[in-house]
There are 2 protein chains.
Amino acid sequence: MAEEQRRYRIGEFAKLVGLSTYTLRYYEDQGLVKSQRDENDVRYYTDEDIRWVGFILHLKGTGMRLNDLKRYVRLRAAGDATIPERRAMLQKTKDDAEADIAELQMHLQVLGRKIDWYDGKVEHTIADSESFQEYLQRFNDK
Amino acid sequence: MAEEQRRYRIGEFAKLVGLSTYTLRYYEDQGLVKSQRDENDVRYYTDEDIRWVGFILHLKGTGMRLNDLKRYVRLRAAGDATIPERRAMLQKTKDDAEADIAELQMHLQVLGRKIDWYDGKVEHTIADSESFQEYLQRFNDK
DNA sequence: AAACACCTTCGAGTGCACTTTAAGTCAACC
DNA sequence: GGTTGACTTAAAGTGCACTCGAAGGTGTTT
């Protein structure tokens, strides 16, 4: 992999990864992201750090909490022996997110039907007297 | 629709809809849910209220905020003339939720690949030397 | 020399949606 | 007559993840 020698100061890095400098320092405090320092104690980051932040954003994006993220980072630091545990964390995160999606889709289905019902009302293809409940019922009855 | 005459006091109603009594009073303050009162000023709810709370929980379940929910309720109270606006709100909520799902699934794909990569490492079907980035790259390159 | 970007600690503020407490009252049930 | 469950208002607390500001410093660029 090329370009490993490029150094980014916090402002530039923040823009690259889409976080604020505040958040990057906060994450560093929390042990999620590390930085190196130049001769003036100014933080710098590398391309590897970009990939790492990218990855933790994927984890956060699936709903993983900061506390779990911290645990993940600690396990990672502890070496390959913790791979099964890390794998399990990811699997659980994945399963939870998939369950969330399934639930969300259930709610969306009702929303979609309400929208259809509104359309029916406006176009008068649904009897004015039919309530949304009755309309929904027609689907539940198959 | 039958059984419309059944009255539920707040405790029973809370269990039926899966909210706390606190939350129900809070929602009432916020104008999301209404209740009636008996001769002793004790709140009661009906089957219609169960359906209404059910519906707002679907909306909340798709990520609609309380503020938007309040607006929706106000529009509803304003009569059928607001149906297009309500329809638009639901459509936007639906579109946003679908975009969220799409993003979530993108994150999940990376998670899934990391899990596979861990499996490959443990089973030694992936070279020890191949980083997750390189592994991911194999997919991105098609 | 001013402007700018960075550094430090650390405490306070933000937004959202509840959640709980306090303190006192009321009425039905056993 | 005690327990239970309801009522009121108003205020404070919770959890999460930032987000910001103060106050004072260093170093680089215009």
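Just so it is clear, the values below take in all heavy atoms, side chains as well, and ignore hydrogens, waters and symmetry mates.
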Enquirer: Please state how far atom CG in B/D29 lies from atom P in D/dA10, giving the value in whole angstrom units.
Expert: 10 Å
Enquirer: Rounded to whole angstroms, how far apart are NZ on B/K15 and C1' on D/dT4?
Expert: 11 Å
Enquirer: Among all residues two or more places apart in sequence or in another chain, which pass the salt bridge (Lys or Arg N to Asp or Glu O under 4.0 Å) test with B/K114?
Expert: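 Applying salt bridge (Lys or Arg N to Asp or Glu O under 4.0 Å) to B/K114 gives none.
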Enquirer: I'd like to check the salt bridge (Lys or Arg N to Asp or Glu O under 4.0 Å) partners of A/D96; sequence neighbours left out, ordered by chain and number.
Expert: A/K92
Enquirer: What residues form a salt bridge (Lys or Arg N to Asp or Glu O under 4.0 Å) with B/K34, not counting sequence neighbours?
Expert: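 With sequence neighbours excluded, B/K34 shows a salt bridge (Lys or Arg N to Asp or Glu O under 4.0 Å) to B/D49, given in chain and number order.
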Enquirer: Rounded to whole angstrom units, what separation is found between the OH atom of A/Y44 and the C1' atom of D/dG27?
Expert: 17 Å
Enquirer: Can you check whether B/R25 has a side-chain N or O nearer than 4.0 Å to OP1 or OP2 of D/dC7?
Expert: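 Checking D/dC7 against B/R25, a side-chain N or O does come within under 4.0 Å of OP1 or OP2.
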Enquirer: With a cut-off of under 6.0 Å to the ring centre and 45° to the axis, is A/R37 in cation-pi contact with A/Y44?
Expert: no
Enquirer: Starting from P on D/dC7, measure out to CZ on B/R37 and report it in whole angstrom.
Expert: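 Value for this atom pair: 6 Å.
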Enquirer: Taking salt bridge (Lys or Arg N to Asp or Glu O under 4.0 Å) as the test, write out the residues that go with A/K60, two or more places apart.
Expert: none
Enquirer: What I'd like to find out is whether the side chain of A/T93 reaches to under 4.5 Å of the side chain of A/L59, using heavy atoms alone.
Expert: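 Counting from C-beta outward, A/T93 and A/L59 never come under 4.5 Å.
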Enquirer: How many whole angstroms separate atom CZ of B/F13 from atom P of D/dA6?
Expert: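 Distance check: B/F13 CZ to D/dA6 P gives 13 Å.
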Enquirer: Rounding to a whole Å, what distance do you find between A/I10:CD1 and D/dG27:C1'?
Expert: 16 Å
Enquirer: Relative to the ring of B/H58, is the ring of A/H107 parallel (under 30°), tilted (30 to 60°) or perpendicular (over 60°)?
Expert: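 Judged by the thresholds at 30° and 60°, the geometry between A/H107 and B/H58 is perpendicular.
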Enquirer: In whole Å, I'd like the distance from the CG atom of A/L24 to the P atom of C/dT8.
Expert: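 Distance check: A/L24 CG to C/dT8 P gives 13 Å.
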Enquirer: Tabulated below should be each protein N or O lying under 3.5 Å from an N or O of nucleotides 25-30 of chain C; please produce it.
Expert:
none

Enquirer: Just say parallel, tilted or perpendicular for the rings of A/Y135 and A/F139, cut-offs at 30° and 60°.
Expert: perpendicular
Enquirer: Which heavy atom in A/Y8 sits nearest to a heavy atom in A/I50, and how many Å separate them?
Expert: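 That closest heavy-atom pairing would be CE1-CD1, 3.8 Å.
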Enquirer: Could you write out each protein N or O paired with an N or O of nucleotides 16-19 of chain C at a distance under 3.5 Å?
Expert:
{"unit_1": "C/dA17", "atom_1": "OP1", "unit_2": "B/L66", "atom_2": "N", "d": "3.3"}
{"unit_1": "C/dC18", "atom_1": "OP1", "unit_2": "B/Y27", "atom_2": "OH", "d": "3.3"}
{"unit_1": "C/dC18", "atom_1": "OP2", "unit_2": "B/Y27", "atom_2": "OH", "d": "2.5"}
{"unit_1": "C/dC18", "atom_1": "OP2", "unit_2": "B/K60", "atom_2": "NZ", "d": "3.4"}
{"unit_1": "C/dT19", "atom_1": "OP2", "unit_2": "B/T23", "atom_2": "OG1", "d": "3.1"}

Enquirer: Figure out the CG/P separation between B/D38 and D/dC7, and round it to whole Å.
Expert: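 Rounded to whole Å, this separation is 9 Å.
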